[in-house]
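Reviewing the structure listed below.
Numbered from 1 within each chain, the chains take letters A, B, ... in sequence-line order.
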Protein chains: 2
Amino acid sequence: MTDAGADADPDADAEAGVRAANSAFYAALEARDLDAMADVWEHSDRIVVTHPGWPMLRGWARVAGSWDAIFRNTGYIQFVLTDEQVTVVDDSAWVTLDENILQSGSAEELSGSKATSVNVFVRGDDGWKMVVHHASPVAGDG
Amino acid sequence: MTDAGADADPDADAEAGVRAANSAFYAALEARDLDAMADVWEHSDRIVVTHPGWPMLRGWARVAGSWDAIFRNTGYIQFVLTDEQVTVVDDSAWVTLDENILQSGSAEELSGSKATSVNVFVRGDDGWKMVVHHASPVAGDG
């Protein structure tokens, strides 16, 4: 529930909740853990994921399928997040950040890449759930 | 103000307001009209724009500068928007859609491209204002 009237600072609580949900998203991604990823997302038709260079995918079935495919084709993936900023407006919030990614496919070699992302969350009875993840490749440091 | 208690359907009104703000954004872009673009955006430090392939830019000064540069380097640009979906949560909203773009630079020839975008709006005293535009290139139809 969102009734935080007795709290000392509900705004700070909300921002902390969003940061925790955002961290859980990247932890699930690094762990390649589909159950943990399922916990992060709202399971609805209104959710959207755009992976770097991919078309937009709508709805939990397609979102889950994309994570399953990515996890099966990723040997190792690590994120260093920079320039993170959180905005909360009532029961919705978004995090904008840069993703510095180190990863390997099925082969052994590691490769680095950079993406920039917006992650949107909505607060419901189960806390903050992801409704949009849109990550796009950055062509090089401008 | 957001007190729409007397309205027959405040949800429908909110969605119509978001669609109008989103249309005004693409109209300003097609017209390459910096004043119209300035009307679309919230003028604050929390706003973010990510143009296709660009790094993320924060704050109204950088956002405005990027539009000015784009408008000066674009001879013609037209958008056909497809698969548009609006979500409203209280005083924030986001539109996800595909952008089918036809444009020319300073030369005459037209080129086509496709991007997918999330546009976030916040409702204030002046109505719905854009706070995030994140567009990314789609590598080809998957």
Practice task
Start with the C-alpha gap between B/Trp94 and A/Val131, add the side-chain angles, then the distance that decides, and say whether side chain to side chain contact (heavy atoms under 4.5 Å, CB included) holds.
Solution key: CA-CA 10 Å; B/Trp94 46 99; A/Val131 291; 3.5 Å; yes
Exercise for the section: Could you tell me which residues in residues 76-85 of chain A have at least one non-hydrogen atom under 4.5 Å from a non-hydrogen atom of chain B, sorted by residue number? Expected result: A/Asp83, A/Glu84, A/Gln85
Exercise for the section: Examine whether an atom of A/Val122 lies under 4.5 Å from a heavy atom of chain B, and if so say whether it belongs to the side chain, the backbone or both; otherwise answer neither. Expected result: side chain
Fill in the blank from the handout: Okay, A/Val132 and chain B: the region with an atom under 4.5 Å from a heavy atom over there is side chain
Practice task
State, yes or no, whether a side-chain contact exists between A/Val118 and B/Val118 at a heavy-atom distance under 4.5 Å.
Solution key: yes
Exercise for the section: Check whether A/Thr87 gets within reach of chain B through its side chain, its backbone, both or neither, counting any heavy atom under 4.5 Å. Expected result: side chain
Handout entry: Heavy-atom pair with the smallest gap, counting every atom of B/Thr96 and A/Met56
Key = CB-SD, 3.7 Å
Exercise for the section: Identify the two heavy atoms, one from A/Thr50 and one from B/Ser136, that lie closest to each other, and give their separation to 0.1 Å. Expected result: CG2-OG, 4.0 Å
Problem - chain A contact residues among residues 17-47 of chain B, heavy-atom distance under 4.5 Å - result: B/Asp45, B/Arg46
Exercise for the section: For B/Ala64, enumerate each residue passing the side chain to side chain contact (heavy atoms under 4.5 Å, CB included) test, keeping only those at least two apart in sequence or located in another chain. Expected result: B/Trp60
Problem - B/His134 and A/Thr116, any side-chain heavy atoms less than 4.5 Å apart - result: yes
Exercise for the section: Could you pull out the closest heavy-atom pair between A/Val138 and B/Trp54, with the gap in Å? Expected result: CG2-O, 4.1 Å
Problem - Residues in salt bridge (Lys or Arg N to Asp or Glu O under 4.0 Å) contact with A/Asp90, at least two apart in sequence or another chain - result: none
